[in-house]
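Structure, as structure tokens:
Fair warning: this is a prediction, and the values are worked out from it, not measured in the lab.
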Amino acid sequence: MKQVRLGGLIGESGSGKTTFGRIVSQLTPADEGTLFFDNCTYDLTGRDSIGDFRKSMQIVFQMASNPLDPMRSIYQLLKDPLDLNFNMKPLEAHDVILKLIDQVKLSPEHLSRYPLQLSGGQRQRICIARALATEPKFLILDEPVSALDVSVQGQIMNLLTALKTELDLTYLFITHDLHLARKFCSHIAVMKSGKIVEAGPVEELFRNPKSDYTNHLLQSLADA
């Protein structure tokens, strides 16, 4: 089976994209289903069997302000996942936090600030840094730039592209923005009413859609 390292999941609002991401990340229980990743198969309904996979993945949400506790400093927010997942001494954790803030192209001076003192793009960079803190292999990116200005969207997407190469990550990019999906993804799956109606290499799917629904989406893009 071919390993897809930069997959996209597209569809209209309400098609089930976010629910799918939440099921894969074990934030929403699954009634049935299996997941294949890194040459292993996991039962999505079994908490024990998927535990090892869950440690290898993280999710970055659409609204960067929601996952960040406004009462905790950026330093504390980055230290939390380290405390939960690793037995680090304070100085070691401090060095990791400095590395994380550098990876997302922010400076150490941001560490003493609080979420509401940052811009939307900066908050999303912190969310990415927190996701990276546990050293994941797989990131689910759920509309990670849709709430940002267009210029900031490009900066965040460039950052994610660079991090994928630097850290050898696998991404699932969930979006309703077909422009971004085409530019960012190597493969795409199209979802409608909770079901995958078509999937394949991105350029092949855009050139020759086999589903009427996919053709409808692409036509909407052409008319925009």
Kindly check if the number of other-residue, nucleotide or ligand heavy atoms within 6.0 Å of CD (E32) is above 12?
-> no
Given the rule in the side chain to side chain contact (heavy atoms under 4.5 Å, CB included) test, do N85 and E135 qualify, once you have shown the distances and angles that lead to the verdict?
-> CA-CA 10 Å; N85 291 278; E135 302 177 356; over 6 Å; no
Joint cluster assignment, L159 & I74, ILVMFWY side-chain distance < 4.5 Å = yes
What's the spacing between H187 NE2 and L205 CG if we round to 0.5 Å?
-> 10.5 Å
Any donor-acceptor pair under 3.5 Å linking the side chain of Q62 with the backbone of D142?
-> no
Side-chain heavy atoms of V197 within contact of M191, under 4.5 Å | no
Over all heavy atoms of both residues, which pair between R182 and I188 is shortest? Give the atoms and the distance, please.
-> N-CD1, 4.5 Å
Donor-acceptor pair, D149 side chain versus S151 backbone, under 3.5 Å?
-> no
Distance in Å, L111 CG paired with K79 NZ, rounded so as to fall on 0.5 Å steps = 13.0 Å
Under a 4.5 Å side-chain heavy-atom rule over Ile, Leu, Val, Met, Phe, Trp and Tyr, are Y171 and M157 clustered together?
-> yes
Please check if any side-chain donor atom of T134 sits under 3.5 Å from a side-chain acceptor atom of Q58, or the reverse.
-> yes
Distance col, row R123:CZ vs L77:CG, nearest 0.5 angstrom, shows 12.0 Å
SB check D168 K137 (cutoff 4.0 Å) | no
Could you check L118 against I126 for side chain to side chain contact (heavy atoms under 4.5 Å, CB included), going step by step and ending with a plain yes or no?
-> CA-CA 10 Å; L118 303 182; I126 297 302; 3.9 Å; yes
Testing Y42, F37, F36 for ring-ring contact (aromatic ring centres under 6.0 Å, His included) with F138, which one passes?
-> F37
L98 reachable from V96 in the ILVMFWY side-chain graph, under 4.5 Å edges = yes
May I ask you to decide if L148's main-chain N or O and Q153's side chain share a donor-acceptor pair within less than 3.5 Å?
-> yes
From D80 CG over to R130 CZ, what is the distance, rounded to the nearest 0.5 angstrom?
-> 6.5 Å
Could you tell me whether the side chain of Q103 reaches within less than 4.5 Å of the side chain of L100, counting heavy atoms only?
-> yes
If you measure from CG on L82 to NE2 on H94, what distance do you get to the nearest 0.5 Å?
-> 12.0 Å
Test side chain to side chain contact (heavy atoms under 4.5 Å, CB included), reference L141, set L172, L9, L160, T175, output is L160
Kindly say whether G121 contributes a backbone atom to a donor-acceptor pair with the side chain of Q124 at under 3.5 angstrom?
-> no
Does one side chain, of Y213 or E12, offer a donor that lies under 3.5 Å from an acceptor on the other?
-> yes
Does some side-chain heavy atom of S107 sit less than 4.5 Å from a side-chain heavy atom of E109?
-> yes
Compare all side-chain heavy atoms of L27 with those of I59 and state whether any distance is below 4.5 angstrom.
-> yes
Going through the checks in order, is the side chain to side chain contact (heavy atoms under 4.5 Å, CB included) test met by K89 and L91?
-> CA-CA 6 Å; K89 296 180 180 179; L91 285 178; 5.6 Å; no
List the steps, then state whether side chain to side chain contact (heavy atoms under 4.5 Å, CB included) holds for Q155 with K105.
-> CA-CA 10 Å; Q155 295 169 13; K105 310 305 179 188; over 6 Å; no
Apply side-chain hydrogen bond (donor to acceptor under 3.5 Å, both in side chains) to D43 and T34, showing your working.
-> CA-CA 5 Å; D43 178 4; T34 56; over 6 Å; no
Has the side chain of S73 got a donor or acceptor atom that lies under 3.5 Å from a matching backbone atom of S112?
-> no
Can you check whether H110 and Y75 have ring centres sitting under 6.0 Å from each other?
-> no
Distance in Å, F173 CZ paired with I140 CD1, rounded so as to fall on 0.5 Å steps | 13.5 Å
